[in-house]
Number of protein chains: 2
Amino acid sequence: MPTTPPRKPTERKRGSGVQFVYNVLRDEILSLKLAPGSPIDEVQLSQRLSTSRTPIREALVRLAGDGLVTTLPNRSTVVTNIDLLNLHAFFDAITLMYRVTTRLAAQNHRADDLPAIRARQAEFAQAVNGQDALGMIATNRDFHAAIAAAARNPYYESLFLRLLDEGRRMMRLYYSSFNDKLPQRYVVEHEEIIAAIEARDIDLSDRLARAHADQIVTQTRNMIAAERRVDISLEI
Amino acid sequence: MPTTPPRKPTERKRGSGVQFVYNVLRDEILSLKLAPGSPIDEVQLSQRLSTSRTPIREALVRLAGDGLVTTLPNRSTVVTNIDLLNLHAFFDAITLMYRVTTRLAAQNHRADDLPAIRARQAEFAQAVNGQDALGMIATNRDFHAAIAAAARNPYYESLFLRLLDEGRRMMRLYYSSFNDKLPQRYVVEHEEIIAAIEARDIDLSDRLARAHADQIVTQTRNMIAAERRVDISLEI
DNA sequence: TGCTCATTTTATGTCGACAAATAAAATACA
DNA sequence: TGTATTTTATTTGTCGACATAAAATGAGCA
């Protein structure tokens with residue numbers, strides 16, 4: 001992948017400018033190519049993406065709505081940094097969303113939802129088999145996003161997507177301490193979840209989702225704790 | 001209250017323009033002064049609020065992030081209309097948020113949270129005693145928002161606020177069929193909730209919040225059903 | 001009269017520029 | 001040398017204008 005986004009100097013359809021900027025920035029933020037806390041220079045960005053400041057600003061406002069950037073009045077907007085103080089709130093919320101979306105998917109899914117979910121699961125399994133940790137994070141997100149779509153509740157879905165993105169950033173941040181032994185266990189759990197959804201077993205779906213979420217939360221916690229110990233030992 | 005917003009032709013501090021426009025539009029949308037589905041003319045708005053189109057657009061983007069307006073590409077942005085198809089999803093989500101925020105408030109509230117909550121409850125009781133239905137809706141929102149703030153989970157809080165606002169619009173929409181006998185019952189339930197939070201009784205808080213939410217959902221459902229019958233009879 | 005296509009019109013998306021506010025630098029002073 | 005104050009510079013917030021896309025209008029024709 002080239003590090004510079006694909007662009008042709010002044011050829012872009014009307015109306016796609018903002019979307020383009022939004023997508024580029026969003027991707028760079030989630031992939032930590034833009035570090036948390038780093039300031040965003042509007043002029044520099046407008047030059048890099050060869051557009052005026054107006055689409056940049058609009059994209060930034062949207063990203064601020066997503067919580068991905070923070071706008072300081074009259075000062076630079078910065079990439080929202082990951083606060084380790086509210087970790088508990090994050091884990092609590094994402095666990096609940098895992099459960100609720102899976103439950104509702106078992107209840108509300110329609111005929112063509114399952115193929116979509118299975119397709120995401122196939123990509124996930126492929127990433128795990130290929131020992132592609134970053135790919136696993138992304139495909140895991142897509143898998144659960146597909147389930148959330150089948151749950152047919154846009155309120156839960158939007159919060160869940162936001163939390164999954166936040167989790168993706170966190171995972172990337174602490175990726176260095178990943179042991180790289182990607183657990184086949186997650187693949188199995190995903191399969192069980194699919195089966196429960198297909199059987200429309202709401203209670204089982206809930207229990208599986210809860211266990212799955214606890215798994216992920218525990219591993220993430222361990223990752224962060226390990227990294228923190230390294231930080232501390234480096235500080236001293 | 002004057003129907004035109006307070007403004008002085010060209011005197012406004014730098015940076016407050018967007019916030020001002022955002023607040024005015026938000027209030028007008030939530031109070032149904034701007035009807036759901038009605039288009040928003042940027043030029044007309046810029047003249048009415050005596051500002052340029054740029055702050056208007058930025059405010060509209062923010063409102064779109066809140067789900068209060070919907071932007072149709074290359075076409076007018078319209079006030080998001082209340083879809084009665086997803087009512088089930090709405091009630092499901094708001095009930096869960098009532099429960100979760102109350103639970104967590106019981107668990108996480110600090111010393112100065114309760115006075116704030118009690119202040120909102122006093123306003124609520126006053127609105128109920130004064131048979132001020134619209135005031136009751138607004139103060140009820142603020143009461144539960146205060147509880148959500150004490151719950152110390154920004155993810156739940158933001159979703160809950162969004163749902164409460166959406167509910168406020170729905171209530172206003174069907175206000176005509178309100179019986180105007182404002183139930184003292186809600187005041188009592190609020191008092192019980194406060195007591196449970198203060199006692200840090202998580203299970204009781206959850207049960208009370210659930211019952212309270214069911215009350216509100218049931219009444220709202222009845223209101224809508226009654227109004228719908230009227231609609232149907234008018235159509236025939 | 002009714003339908004299709006060209007034209008006009010209206011409103012949005014984007015642009016470059018100016019003004020104000022904050023940060024940075026430079027100067028004055030103790 | 002260190003601190004306070006003025007000056008400069010950088011960056012954001014706002015503005016008016018132009019370009020373009022979709023809707024509204026009107027002309028042409030069957």
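From a predicted model like this one, the values you see are computed outputs, not experimental measurements. Chain letters run A, B, ... following the sequence lines, proteins first, then strands; residues in each count from 1.
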Review point. Partners of B/R168 by salt bridge (Lys or Arg N to Asp or Glu O under 4.0 Å), sequence neighbours excluded?
Key: none
Review point. Roughly how many Å is it from CD in B/E58 to P in C/dT14, rounded to a whole number?
Key: 15 Å
**Study point:** Contact under 4.0 Å: A/T51 side-chain N or O vs C/dT14 OP1/OP2
**Key:** no
**Study point:** Selection residues 95-105 of chain B - residue pairs positive for side-chain hydrogen bond (donor to acceptor under 3.5 Å, both in side chains), sequence neighbours left out
**Key:** B/R99-B/D206, B/R103-B/D206
Review point. Mind checking what makes salt bridge (Lys or Arg N to Asp or Glu O under 4.0 Å) contact with B/R75, not counting sequence neighbours?
Key: none
Review point. Atom CG of A/L49 and atom P of C/dT14: how far apart are they, to the nearest Å?
Key: 13 Å
Practice item. Give every residue pair that meets the side-chain hydrogen bond (donor to acceptor under 3.5 Å, both in side chains) criterion with at least one member in residues 150-160 of chain B, sequence neighbours excluded. Key: B/D113-B/R152
Point to revise | Any residue meeting side-chain hydrogen bond (donor to acceptor under 3.5 Å, both in side chains) with B/E58, in chain and number order, not counting sequence neighbours | key: A/R57
Review point. Distance check: side-chain N/O of B/S52 vs OP1/OP2 of D/dC15, anything under 4.0 Å?
Key: yes
Practice item. May I ask you to check whether A/Y22 and A/D66 show a side-chain donor-acceptor distance below 3.5 Å? Key: yes
Exercise for review: Starting at atom CD1 of B/I56, determine the distance to atom C1' of D/dC15, rounded to an integer number of angstrom.
Suggested key: 13 Å
Which atoms of nucleotides 10-12 of chain D (N or O only) lie under 3.5 Å from a protein N or O atom, and what are those distances?
from: D/dT12; atom 1: O2; to: B/R14; atom 2: NH2; distance (Å): 2.1

